[in-house]
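Structure first, then comments.
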Amino acid sequence: MKISKMLLGAASLVLAAGAAQAQSDLSSTEDKRIALSNNYAGNSWRQAMLQSWEETAGQAVADGVVAAADAYTTSENQATEQAAQIQNMILQGYDAIVLNAASPTALNGAVKEACDAGLTVVSFDGIVTEPCAWRIAVDFKAMGKEEVEYLASRLPEGGNLLEIRGLAGVFVDDEISAGIHEGVAENDKFEIVGSVHGDWAQDVAQKAVAGVLPSLPDVVGVVTQGGDGYGAAQAFKAAGRPTPLIVLGNRQDEMKWWAEQRDANGYETLSLSIAPGVATLAFWVAQQVLAGEEVPKDLTVPFLKITQDTLDEALASTPEGSVANVIYSLEDAQQVISEAK
């Protein structure tokens, strides 16, 4: 009986110590100020990302975890403008900057300036290469390659592909495109016969695809980066051309169109993207660094994949005009950090 009591007492002490440590991790940053530097807000993914940040970081401020978690978006997707924004954040006395970067390299000077001034810099989605910064991303190259591998499984005879890229010059666009081209090189029955930039926005993608379609031969598949699949489908429809197999990017309008096409004619495809809630993971990573935790400089998260079997569930849980999403808690961030060590 005494041994049981001793064991229970020891367990209670361990639990109490863990709770105290968790509380310490939170209270140690109560006077810290974190800023989000975002280079672009012109599509549904970025809007969902900003909303995710507002909800999670805003609650952290309300709970006294941090003193501020302000979000700033540049008016143009220009690295020079974002560099100036980062310099202003240094002057405003922020303790950490969470960064979705316009360029992987062009902001390195401003990021180094922030680090030298004592700020923590955590880049995500559009990451930077400056060694002093932390980086959170999915394996975008693997994501692009998986698109082609999926097409190869569905279209074993191959054919012509149209590539729709994202924002020119951004890390994400370069990596996904590199993966797509690597996939085509390994599945040489496919050929990319056209490439346009859709800026991850349906309206931009529809206009770009409509502009290039008259010059293209028959297309069997469209490889995308997200936010452009529905626009591509509308462009093919307006041109009176057969709808190809379009890999989608988790946007609600894309998934709604997919479900409609599935119900009408059995249309089947794949949808995948990074969840916009990765911004909330970046927030918690910055908070943990400020709390003195040891955090590896490079963190990788899985991309969010939607299949024919999970389409209805994903569509039902995604607000109109938004993107399928995952929100990260402090505990989720701690697990990602632990797995990376």
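Counting from 1, the numbers follow the sequence of the chain as shown. The structure displayed is predicted, hence computed values, not measured ones.
Taking CH2 from W200 and CZ from R46, the interatomic distance works out to 6.0 Å, rounded to the nearest 0.5 Å.
A donor atom on one side chain and an acceptor atom on the other are not found under 3.5 Å apart for N100 and S123. Judged purely by distance below 3.5 Å, without hydrogens or angles, the side chains of E55 and Q59 never pair a donor atom with an acceptor atom. Remark: the S177 side chain and the E163 side chain contain an N/O donor-acceptor pair separated by less than 3.5 Å. No side-chain donor-acceptor contact under 3.5 Å links T318 and Q252. A donor-acceptor contact closer than 3.5 angstrom links the side chains of N108 and T129. Side chain to side chain, E254 and S271 fail the donor-acceptor criterion of an N or O pair below 3.5 Å.
N250 places a side-chain N or O within donor-acceptor distance of the main-chain N or O of L272, the cut-off being under 3.5 Å. Within the 3.5 Å criterion, the main-chain N or O of E268 finds no donor-acceptor partner in the side chain of W258.
With contacts defined as side-chain heavy-atom distances shorter than 4.5 Å, the pair R165/D174 qualifies. Between S273 and F303, every side-chain heavy-atom pair lies at or beyond the 4.5 Å cut-off. Side-chain contact between E175 and M143: absent, with no pair of heavy atoms (C-beta onward) separated by less than 4.5 Å. Side-chain atoms of L213 and R241, non-hydrogen and from C-beta on, do get closer than 4.5 Å to each other. Using a 4.5 Å heavy-atom threshold, the side chains of Q287 and V65 count as touching. With a 4.5 Å cut-off on side-chain heavy atoms, Y230 and I246 do not count as touching. In this structure the side chain of T269 reaches within 4.5 angstrom of the side chain of Y150, judged on heavy atoms.
Contact detail for A333 and W284: the closest heavy-atom pair is CB-CB, 3.5 Å. D125 and I274 make their closest contact through OD1-CG2, 3.9 Å (heavy atoms, listed as atom of the first residue, atom of the second, distance).
If you run side chain to side chain contact (heavy atoms under 4.5 Å, CB included) between F190 and each of I180, L151, V223, only L151 comes through. Partner of Q225 under the side chain to side chain contact (heavy atoms under 4.5 Å, CB included) criterion, chosen from V247, V170, I176: I176.
Grouped by direct or indirect side-chain proximity (heavy atoms under 4.5 Å, Ile/Leu/Val/Met/Phe/Trp/Tyr only), V204 sits alone. Through direct or relayed side-chain contacts under 4.5 Å between Ile, Leu, Val, Met, Phe, Trp and Tyr, Y72 connects to I86, M89, I90, Y94, I97, L99, L107, V111, L119, V121, V128.
Applying the ring-ring contact (aromatic ring centres under 6.0 Å, His included) test to every pair with at least one member in residues 42-61, sequence neighbours left out, gives these pairs: W53-F283. Within the structure, salt bridge (charged side-chain N to carboxylate O under 4.0 Å, His left out) pairs that include any residue of residues 115-124 comprise K112-D116 (at least two apart or interchain). The salt bridge (charged side-chain N to carboxylate O under 4.0 Å, His left out) contacts involving residues 312-337 comprise R262-D312, where partners must be two or more places apart or lie in separate chains. Sorted pairs that involve residues 163-279 and meet disulfide (SG to SG under 2.5 Å), not counting sequence neighbours, are lacking altogether. The side chain to side chain donor-acceptor pair (under 3.5 Å) analysis of residues 204-216, with sequence neighbours excluded, yields no pairs.
Residues that satisfy the side-chain contact (heavy atoms from CB on, under 4.5 Å) test with A205, not counting sequence neighbours, are I164, D228. The side-chain contact (heavy atoms from CB on, under 4.5 Å) test applied to E81 returns T74, S75, E76, Q78, not counting sequence neighbours. In this structure, the side-chain contact (heavy atoms from CB on, under 4.5 Å) partners of P296, at least two apart in sequence or on a different chain, are L299, I337, A340, K341. Applying the salt bridge (Lys or Arg N to Asp or Glu O under 4.0 Å) rule to E149 yields no partners; only residues at least two apart in sequence or on another chain are considered. In terms of the side-chain contact (heavy atoms from CB on, under 4.5 Å) criterion, residue partners of T73 (sequence neighbours excluded) are, by chain and number, N38, A41, L50.
I327 and L36 fall into different hydrophobic clusters, defined by Ile, Leu, Val, Met, Phe, Trp and Tyr side-chain heavy atoms under 4.5 Å apart, directly or through other members.
A salt bridge does not link D95 with R33: every distance from a Lys NZ or Arg NE/NH1/NH2 to an Asp or Glu carboxylate oxygen is 4.0 Å or more.
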